[in-house]
Amino acid sequence: MCDTCGCNITPGNEGLIKAGGKLHKTESGKEAVTVLRSLLHENDHAASHNRNHFDQHNVLAINLMSSPGAGKTALLEATIQQLDNSLKIAVIEGDLETENDAERIRKLGVKAIQIATGSACHLDAHMVHEALHHFDLSEFDVVFIENVGNLVCPASFDLGQHLNVTLLSVPEGDDKPAKYPVMFRASDLVVLSKSDLLPILDDFKPERAKGYLRDIASTAPVMQLSSKDKSGMLKWISWINQQIEIRQRALQQHPVTGHHHHTHEEVHI
Amino acid sequence: MHELAICQSLIDQVEDIALERNAQSVSLIIIAIGPLSGVEAPLLKNAYPLACIGTVAENSELVIELLPIRVKCMQCGSESEVLPNKLICKKCGDWRTELVSGDEMMLMSVELEKEKTEL
């Protein structure tokens, strides 16, 4: 949505703006200004800048989200091994206090930038922008952004990613999409991780998880995989490759405008 | 708890608007929130006074309009008001629906206090 043409007037809020609505009156000595802009306007602006930056370098950006301990870093490790350098990837790690996750990625020879978020519960577009200063994006095909483990806050912040992938690990229970609809509604792919535990934790029904996703009108595909026994990994890798193709086709049809055409070195020294 | 971050972003915007229009202070901020925005109105209300300290919006009032969640069925075309985790068509039960409203988190308007010009 933009801020100028009135397209952010939704059926939900139009009653507030129309004559006689709460936003219409003005009192003497005061000025009422109609704004109609996202509360996260600045973040959204930075996010579109990031997205533009990714597009200019033909890089697919994937935001990985889940609760803590659902296996985001383990999935990245397994992905790096499975890819075996067939794609050049880099990782932006959001972690509260430690560099542990970034260290795990670096051990596998992959570039990882750690964003220490302190006590923050989510990454925002400015943090990702800052991290991008440490990369030469032209060297990579895919950038994974490992968000802070949290099924609530990260859902509200656009980082400039192209795709959201949410992990739902088997030990968490299959009703997470019903409990965290905002997060799961934003997901382009839902990965049922730690699927090697399905025979043990047999109260987790993948079909039921899918049912809860359909209840929130999500059309996202659902993929079972285990970073441990590697089942489902090939399907995941081919999904990534497919998304790269889709992205490249879209970029050929709608080339990136020169609006943000600069390298970060030029502008931000 | 990302509501404080959202409040700070809101106040930043309001400060810019007040500056642009030479306002002395801000008396009222009206925002609209849908349940699918991921923002909790009570948490926002609590964070608001903290975010306002030392800004033009200090002591201002925050009004939060809560918007309903409405979906339009892509099969039968009817619109229904629904719950956050049940976005299916109330009429025909199909899950292929489009969100009409309910994910907004929007700054609707601000009321500025301007210096009165003496006649």
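Every chain is numbered from 1, with letters handed out A, B, ... down the list of sequences.
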(message) With a 4.5 angstrom heavy-atom cut-off, is it the side chain or the backbone of B/Asp103 that approaches chain A, or both, or neither?
(response) side chain
(request) To the nearest 0.5 Å, tell me how far B/His2 NE2 sits from A/His122 NE2. (result) 7.5 Å
(message) Just verifying a value: how many Å separate A/Lys30 NZ and B/Leu28 CG, rounded to the nearest 0.5 Å?
(response) 8.0 Å
(message) Can you tell me which portion of B/Ile17 sits under 4.5 Å from chain A's heavy atoms? Options are side chain, backbone, both or neither.
(response) side chain
(request) Would you give the length of the straight line joining atom CD1 of A/Ile216 to atom CG of B/Asn85, rounded to the nearest 0.5 angstrom? (result) 8.5 Å
(message) For A/Lys210, I'd like to know if atom NZ has over 12 heavy atoms of other residues, nucleotides or ligands within 6.0 Å.
(response) yes
(request) With a 4.5 angstrom heavy-atom cut-off, could you sort out which part of A/Arg185 is near chain B: side chain, backbone, both or neither? (result) side chain
(request) Name the region of B/Leu99, side chain, backbone, both or neither, that has any atom closer than 4.5 Å to a heavy atom of chain A. (result) side chain
(request) With side chain to side chain contact (heavy atoms under 4.5 Å, CB included) as the test, would you mind laying out the steps for A/Leu36 and B/Leu107 before giving the verdict? (result) CA-CA 5 Å; A/Leu36 301 182; B/Leu107 170 56; over 6 Å; no
(message) Is there a side-chain contact between A/Glu31 and B/Glu111 in this structure, where contact means two heavy atoms from C-beta onward sitting under 4.5 Å apart?
(response) no
(message) Give me the atom names and distance for the closest heavy-atom approach of B/Trp95 to A/Arg214.
(response) CB-O, 3.2 Å
(request) Kindly compute the distance separating OG (B/Ser109) from CZ (A/Arg37), expressed to the nearest 0.5 Å. (result) 13.0 Å
(request) Go through the steps for A/Thr34 and B/Met108 under the test side chain to side chain contact (heavy atoms under 4.5 Å, CB included), then give the verdict. (result) CA-CA 6 Å; A/Thr34 304; B/Met108 302 301 289; over 6 Å; no
(request) Using non-hydrogen atoms and a 4.5 Å limit, figure out which bit of A/Phe157 sits close to chain B: side chain, backbone, both or neither. (result) side chain
(message) If I compare all heavy atoms of B/Ile6 with all of A/Leu40, which pair ends up nearest, and what's the gap?
(response) CG1-CD2, 3.9 Å
(message) If you apply the rule side chain to side chain contact (heavy atoms under 4.5 Å, CB included), what do you find for B/Ile88 with A/Asp215, and how did you get there?
(response) CA-CA 6 Å; B/Ile88 58 180; A/Asp215 281 351; 4.3 Å; yes
(request) Against chain B, work out which of A/Leu39, A/Val182, A/Asp124 has the most heavy-atom pairs shorter than 4.5 Å and name it. (result) A/Leu39
(message) Heavy-atom cut-off 4.5 Å, strictly under: side chain, backbone, both or neither for B/Thr97 against chain A?
(response) both
(message) Only pairs of heavy atoms separated by less than 4.5 Å count here; which of A/Ala155, A/Pro154, A/Ser156 has the most with chain B?
(response) A/Ser156
(request) Mark yes when over 12 heavy atoms from residues, nucleotides or ligands other than A/Lys235 sit less than 6.0 Å from its NZ; otherwise mark no. (result) no
(message) Need one label for A/Ser218: side chain, backbone, both or neither, based on atoms under 4.5 Å from any heavy atom in chain B.
(response) backbone
(request) Give a yes or no on whether the backbone of A/Ser38 and the side-chain of B/Gln13 come within a donor-acceptor separation of less than 3.5 Å. (result) yes
